J.: 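The structure follows.
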Amino acid sequence: MRAQSSATAPSGIAVGGQDTGGHGRSSGTLQAALGVVAFSLTFPATAWGLEGFGPWSLIAVRSILAAVIAGGCLLALRVPLPERRHRAGLAVVGAGVVLGFPLLTTLALQTSTTAHAAVVVGLLPLTTALFSALRVGTRPSRTFWLAAIAGAAAVIAFTVQQSGGALTSADAYLFAALLVCAAGYTEGGRLARVMPGWHVIGWALVLCLPLTVPMAAVAQSFEPVHLTAHGVAGLLWVAVGSQFLGLVVWYRGMAAIGIPKASQLQLAQPLLTLVWSVLLLGEHLTVAAPLTAAAVLVCIAVTQRARG
């Protein structure tokens, strides 16, 4: 297959990442928001998945399932291979988003609650914006940065309070996950300017198969599998919803409205995760939840209006 031309871009987005009008911006914001909703279910679904699978097995199998779906779509639509100059960026996406973040957070969730793990998600928007400034050259305004920092601080304070204010041994995994995911998001958002977002995550998943297939085989030899309804449901969601469909709309959204602004929508993700944790895992929220939600919504509104 021939290499993909850099002249192609997602529908409604000009090459270079600038949308073609207000409709493009609205569509991009909606798609990024749908990605956030999908990601907000990741931690509860991972907790379910760990009921039936070991951490290494869960990560390997979820990546393989997502790669099979993505590879089938790429093959059925005869999508050309990405250009050689884009393959290093796809490798960063694979290392950060396909393997690094899921593995590190899954290991953390063995000993951490979903509320405590949400600290990572609270810091991720600001970290992604920083990576974007370094990698892509974006220069958001001072108002943007102040609102972003305020939103991150509100989310961190809430999630730390929810976990009792104590740091655990899982924090090393969580902060490492924060860094690798921000790098993967930034590189994926950059690539989504010159190719459809689902191509970005699709090729990243396929590129990881030489690692995930042997990982699954080895993990199965020392991690027993106990199939349960929760375990299977959790696996299917993190594979199809979080690992593929969520990233498809997320990268399309970032390409349309820009990496920094899209990343700030994730300020709402920890609160959504806590809501799902109550409904799916039986965890309890305090009265601080609606107050923090209001503060986060204000910060999101400011970052979306600030000129980058």
Side-chain angles (χ1 to χ4, degrees), residues 31-50 52-75 79 89-109 114 117 120-121 124 128 173 177-178 180-189 191-192 196-213 215-216 219 230-254 262 266 269 272-273 276 280:
Q31 290 182 86
L34 289 175
V36 169
V37 173
F39 300 153
S40 72
L41 278 160
T42 300
F43 286 171
T46 298
W48 272 10
L50 287 171
F53 300 86
W56 294 90
S57 298
L58 181 61
I59 294 307
V61 174
R62 70 180 272 185
S63 298
I64 291 172
L65 288 178
V68 169
I69 296 172
C73 293
L74 292 168
L75 185 63
V79 176
L90 290 171
V92 173
V93 175
V97 177
V98 176
L99 294 177
F101 185 79
L103 176 60
L104 291 166
T105 53
T106 299
L107 292 173
L109 285 171
T114 56
V120 171
V121 180
L124 188 55
T128 302
Y173 289 133
L178 169 70
V180 298
C181 189
Y185 278 175
T186 299
E187 201 65 24
L191 290 172
W198 78 272
H199 290 192
V200 175
I201 186 57
W203 286 120
L205 285 162
V206 171
L207 285 174
C208 288
L209 280 174
L211 294 175
T212 54
V213 171
M215 182 191 300
H230 277 180
V232 173
L235 170 64
L236 291 177
W237 178 259
V238 293
V240 180
S242 301
Q243 193 84 75
F244 183 59
L245 296 179
L247 285 167
V248 167
V249 293
W250 174 244
Y251 282 139
R252 284 179 60 89
M254 281 201 295
Q266 282 195 304
Q269 187 173 323
L272 289 173
T273 297
W276 297 125
L280 302 177

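Every value quoted in this text rests on a predicted model; they were computed, and no experiment measured them.
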J.: Output the distance between atom CD1 (Ile69) and atom CG (Leu74), rounded to the nearest 0.5 Å.
T.: 12.0 Å
J.: Does some side-chain heavy atom of Met215 sit less than 4.5 Å from a side-chain heavy atom of Ser63?
T.: no
J.: Do you know the tightest heavy-atom contact between Gly188 and Val200?
T.: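 Shortest heavy-atom separation between Gly188 and Val200 comes out as CA-CG1, 4.0 Å.
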J.: In Å and rounded to the nearest 0.5 Å, what is the CZ to CG distance from Arg252 to Leu34?
T.: 11.5 Å
J.: Check whether more than 12 heavy atoms from other residues, nucleotides or ligands sit under 6.0 Å from atom CZ of Phe39, and answer yes or no.
T.: yes
J.: Calculate, to the nearest 0.5 Å, the distance between atoms CG and CH2 belonging to Leu103 and Trp56 respectively.
T.: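 Answer rounded to 0.5 Å: 4.5 Å.
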J.: Can you confirm whether Ile59 sits close enough to Leu107 that some side-chain heavy atom of one is under 4.5 Å from a side-chain heavy atom of the other?
T.: no
J.: Taking it one step at a time, do Leu99 and Thr212 satisfy side-chain contact (heavy atoms from CB on, under 4.5 Å)?
T.: CA-CA 8 Å; Leu99 294 177; Thr212 54; 3.5 Å; yes
J.: Identify the heavy atoms of Ala183 and Val92 that sit nearest to each other, and give their distance.
T.: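 It is O-CG1, 4.0 Å.
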J.: Could you measure the distance from the CD atom of Gln243 to the OG1 atom of Thr42? Nearest 0.5 Å is fine.
T.: 8.5 Å
J.: Do you know which two heavy atoms are closest between Ala192 and Gly197, and how far apart they sit?
T.: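 Of all heavy-atom pairs spanning Ala192 and Gly197, the closest is CB-CA, 4.4 Å.
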J.: Are Thr105 and Thr46 side-chain neighbours, meaning at least one heavy-atom pair lies under 4.5 Å?
T.: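 Not touching, per the 4.5 Å side-chain cut-off.
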J.: Run Leu65 and Val240 through side-chain contact (heavy atoms from CB on, under 4.5 Å) and show every step you take.
T.: CA-CA 8 Å; Leu65 288 178; Val240 180; 5.9 Å; no
J.: Looking only at heavy atoms, which two atoms of Cys208 and Gly94 are closest? And how far apart?
T.: SG-CA, 3.7 Å
J.: Parallel, tilted or perpendicular: which one describes the rings of Phe101 and Phe43, with boundaries at 30° and 60°?
T.: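 Because their plane-to-plane angle is under 30°, the rings of Phe101 and Phe43 count as parallel.
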J.: Could you check whether any side-chain heavy atom of Val248 comes within less than 4.5 Å of a side-chain heavy atom of Ile201, counting everything from C-beta outward?
T.: yes
J.: With side chains defined as the heavy atoms from C-beta onward, is the minimum distance between Thr273 and Pro44 less than 4.5 Å?
T.: yes
J.: Could you please spell out the steps behind the side-chain contact (heavy atoms from CB on, under 4.5 Å) verdict for Trp203 and Leu191?
T.: CA-CA 11 Å; Trp203 286 120; Leu191 290 172; over 6 Å; no
J.: What is the minimum heavy-atom distance between Ala66 and Phe244, and which atoms define it?
T.: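 For Ala66 and Phe244, the tightest heavy-atom pair comes out as CB-CB, 4.4 Å.
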J.: Is there a side-chain contact (heavy atoms from CB on, under 4.5 Å) between Trp198 and Leu245 once you walk through the steps?
T.: CA-CA 8 Å; Trp198 78 272; Leu245 296 179; over 6 Å; no
J.: So, using side-chain contact (heavy atoms from CB on, under 4.5 Å) as the criterion, who are the partners of Ala45 when residues are at least two apart?
T.: Trp237, Val238
J.: Do Trp250 and Tyr185 have ring centroids that are under 6.0 Å from one another?
T.: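 Tyr185 vs Trp250: aromatic centres under 6.0 Å.
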J.: Which heavy-atom pair separates Arg62 from Ala239 by the least distance, and what is that distance?
T.: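 The pair with the smallest heavy-atom distance is O-CB, 3.5 Å.
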